[in-house]
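The next block holds one structure in the form of C-alpha cells; read it before the comments.
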Amino acid sequence: MDKNSIKSAVTGIEFTEESKQRIFDGIERRKNLKQKIHIKRITTGIVATAIVFLCVYKYLAKK
C-alpha cells in the first residue's frame, strides 16, 4: 500500500490520544510478531539441520 495515498486519505482527520495509542500499540504488536516468527523460523531450521545431521551420522556409523 502506498504511504502517500494513506497520508492523503487521512489528512485533516484529528485522532484522539486513545486512537493514537491504539495505532502505536498495533504497530508494536506487529513488530513483535514479526520478530517472534523470525526467531521461530531460525529455531526450526536449526532443529531440522540437527535431525538431518543425526540421521546421516547414524547411517554412516552403521557402515
Side-chain angles (χ1 to χ4, degrees):
M1 194 176 268
D2 186 24
K3 289 184 180 181
N4 290 333
S5 62
I6 295 172
K7 188 175 181 179
S8 63
V10 297
T11 301
I13 298 174
E14 292 184 24
F15 292 100
T16 63
E17 287 301 317
E18 183 182 338
S19 297
K20 290 177 187 176
Q21 190 59 45
R22 279 188 286 170
I23 291 167
F24 291 130
D25 288 346
I27 291 169
E28 284 300 315
R29 266 196 311 274
R30 187 171 178 216
K31 286 180 184 177
N32 290 338
L33 183 61
K34 280 185 175 182
Q35 188 176 26
K36 286 180 183 178
I37 290 172
H38 183 70
I39 291 170
K40 192 179 283 188
R41 284 182 181 168
I42 291 171
T43 305
T44 303
I46 291 170
V47 170
T49 304
I51 291 171
V52 169
F53 176 75
L54 185 62
C55 291
V56 170
Y57 179 76
K58 283 186 175 183
Y59 176 76
L60 293 176
K62 284 183 179 180
K63 285 189 168 189

TODO: Give a yes or no on whether L60 and V52 share a hydrophobic cluster (residues Ile, Leu, Val, Met, Phe, Trp, Tyr; joining criterion: side-chain heavy atoms under 4.5 Å apart).
DONE: yes
Open item on the list: Can you tell me how far apart CD1 (I46) and OG1 (T43) are? Round to the nearest 0.5 Å.
Closed with: 6.0 Å
Open item on the list: Applying side chain to side chain donor-acceptor pair (under 3.5 Å), can you list everything that pairs with Y59, at least two apart in sequence or on another chain?
Closed with: K63
TODO: Drop me the distance from R22's CZ to R29's CZ, to the nearest 0.5 angstrom.
DONE: 10.5 Å
Open item on the list: For the residue pair E28 / N32, report whether a side-chain donor-acceptor contact shorter than 3.5 Å exists.
Closed with: no
Open item on the list: The criterion is salt bridge (charged side-chain N to carboxylate O under 4.0 Å, His left out); which residues satisfy it with K62, sequence neighbours excluded?
Closed with: none
Open item on the list: To check you understand the geometry: which heavy-atom pair defines the closest contact between T49 and G45, and what is its length?
Closed with: OG1-O, 2.8 Å
